[in-house]
Participant: 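Sharing a structure here in structure tokens format.
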There are 2 protein chains.
Amino acid sequence: MTIEQLIVKDDEKRAKIFKALSEVKRIEMIRYLHHNRDNNTCGAIVKSMGMDKSNVSYHLKILYEADLVSIIRNGQNKNGQLREDTFTEFLPGFLDSL
Amino acid sequence: MTIEQLIVKDDEKRAKIFKALSEVKRIEMIRYLHHNRDNNTCGAIVKSMGMDKSNVSYHLKILYEADLVSIIRNGQNKNGQLREDTFTEFLPGFLDSL
DNA sequence: ATAATAATTTGAAAGTTTTAAAACTATTTA
DNA sequence: TAAATAGTTTTAAAACTTTCAAATTATTAT
């Protein structure tokens, strides 16, 4: 792989992260997860943000695919957690600015 | 204006910035402008990036509308300059990571 | 004035994203 | 095993984005 290809690949990763953060609803979900680390199931997001559950699923998947959130099943529930590693690498300072 | 409305407004600004950066071509344009501060006309971008000129105009406008770039006419040419203030406020560290 | 050069706008086609309802799958509880 | 709960997938419509060619506007040079 050439240096140019590595740069393009990194840009695709960046673009994916930025696209994931390019909707107000998803920024709000990130803020919610940042401030509610103990109440972070899909259902909690549905309830507190007044969104349709299929829509929460859809948006969470986009955040997951951009490596911004990890999702861990816990019984019936799934818990979403921010991926500090990705934020640190690509958006240092962003979470604190929320 | 309530605090909630201010937060939403800020989120809209953030979302606009992230949307502007959510395309590889626009990230490449930002990188180009970052590294070629003296050769920053639309034509220079067209030439060096091999894009259609109407397309460069379109993408530059999106960056401009997100306050990421300022555009100054200089005779027949227009020069694009990165808006350090916006990058510093919303994406500290980003330009250096390019 | 006319031609040449630089950039923008328009319009149409192709592609992508968002939304919400309904159907579905997985897990727990009775 | 059946019902309840949590979350996902599918589908289709509406809204939005990207591309490129052609027409247009603005500026400079002859």
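We name chains A, B, ... by the order of the sequence lines, and we start the count at 1 in each one. Atoms considered below: every heavy atom in the structure, side chains included; atoms not considered: hydrogens, waters and symmetry mates.
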Participant: Going by the side-chain hydrogen bond (donor to acceptor under 3.5 Å, both in side chains) test, name the single residue among B:Lys25, B:Arg26, B:Glu23 that passes it with B:His59.
Facilitator: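 Exactly one pass, corresponding to B:Arg26.
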Participant: Separation of B:Lys61 atom NZ from C:dT9 atom C1', in whole Å?
Facilitator: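 It works out to 8 Å between those atoms.
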Participant: In whole angstrom, give the distance that lies between atom NZ of A:Lys25 and atom C1' of C:dT18.
Facilitator: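 Taking NZ of A:Lys25 and C1' of C:dT18, I get 8 Å after rounding.
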Participant: If you measure from the Lys or Arg side-chain nitrogens to the Asp or Glu carboxylate oxygens, is any gap between A:Lys13 and A:Asp10 under 4.0 Å?
Facilitator: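 Result for this pair is no, no salt bridge flagged.
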Participant: Quickly work out the A:His59 NE2 to C:dT16 P distance and round it to whole Å.
Facilitator: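 Atom-to-atom, A:His59 to C:dT16, this comes out as 19 Å.
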Participant: I need the CD-P distance between B:Glu28 and D:dT18, as an integer number of Å.
Facilitator: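 So the CD-P distance, B:Glu28 to D:dT18, works out to 14 Å.
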Participant: Less than 4.0 angstrom from a charged side-chain N to a carboxylate O is my criterion; do B:Glu84 and B:Arg37 meet it?
Facilitator: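 Answer for the salt bridge query: yes.
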Participant: Touch check for A:Asn77, heavy atoms < 4.0 angstrom, all strands: base, sugar-phosphate only, or nothing?
Facilitator: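 Result for A:Asn77 = sugar-phosphate.
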Participant: Using a 4.0 Å heavy-atom cut-off, does B:Lys78 contact any base of the nucleic acid, only the sugar-phosphate backbone, or nothing at all?
Facilitator: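 Answer is sugar-phosphate: B:Lys78 comes under 4.0 Å of backbone atoms only.
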Participant: With heavy atoms under 4.0 Å as the rule, sort A:Ile45 into base, sugar-phosphate or nothing.
Facilitator: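 Result for A:Ile45 = nothing.
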Participant: Indicate, yes or no, whether a donor-acceptor pair under 3.5 Å links the base of D:dT28 to the side chain of B:Gln76.
Facilitator: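 There is none.
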Participant: Can you check the A:Glu23 CD to D:dA15 P distance for me, whole Å?
Facilitator: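 After rounding, the gap between these two atoms is 15 Å.
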Participant: Strictly under 6.0 Å, is that where the ring centroids of B:Phe94 and A:Phe18 end up?
Facilitator: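 Yes; A:Phe18 has its ring centre under 6.0 Å from that of B:Phe94.
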Participant: Salt bridge or not for A:Lys16 and A:Asp67, using N-O below 4.0 Å?
Facilitator: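 Salt bridge between A:Lys16 and A:Asp67, a charged N being under 4.0 Å from a carboxylate O: no.
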Participant: Grab the CG-C1' distance between A:Asp52 and D:dA6 for me, whole Å please.
Facilitator: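 A:Asp52 atom CG is separated from D:dA6 atom C1' by 14 Å.
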Participant: Across the strands shown, which category fits A:Lys19 at heavy-atom distances under 4.0 angstrom: base, sugar-phosphate, nothing?
Facilitator: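 Sugar-phosphate only.
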Participant: With DNA chain D as reference, determine whether A:Ser57 or B:Ser22 sits nearer its 5' end, using the nearest nucleotide of each.
Facilitator: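 Residue closer to the 5' terminus by nearest nucleotide: A:Ser57.
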Participant: Quick one: A:Met51 CE to D:dT8 P, roughly how many Å, whole number?
Facilitator: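 After rounding, the gap between these two atoms is 12 Å.
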Participant: I want to verify a distance call: between C:dA23, D:dT18, C:dA20, whose nearest atom is closest to the A:Lys53 side chain?
Facilitator: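 Closest nucleotide among those given: C:dA23.
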Participant: Just the rounded figure in Å: distance from C1' of D:dC16 to OH of B:Tyr58.
Facilitator: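 So the OH-C1' distance, B:Tyr58 to D:dC16, works out to 9 Å.
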Participant: Using only side-chain N and O atoms of B:Arg26, determine if any of them is under 4.0 Å from OP1 or OP2 of D:dT18.
Facilitator: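 True: B:Arg26 side-chain N/O within range (under 4.0 Å) of D:dT18 OP1/OP2.
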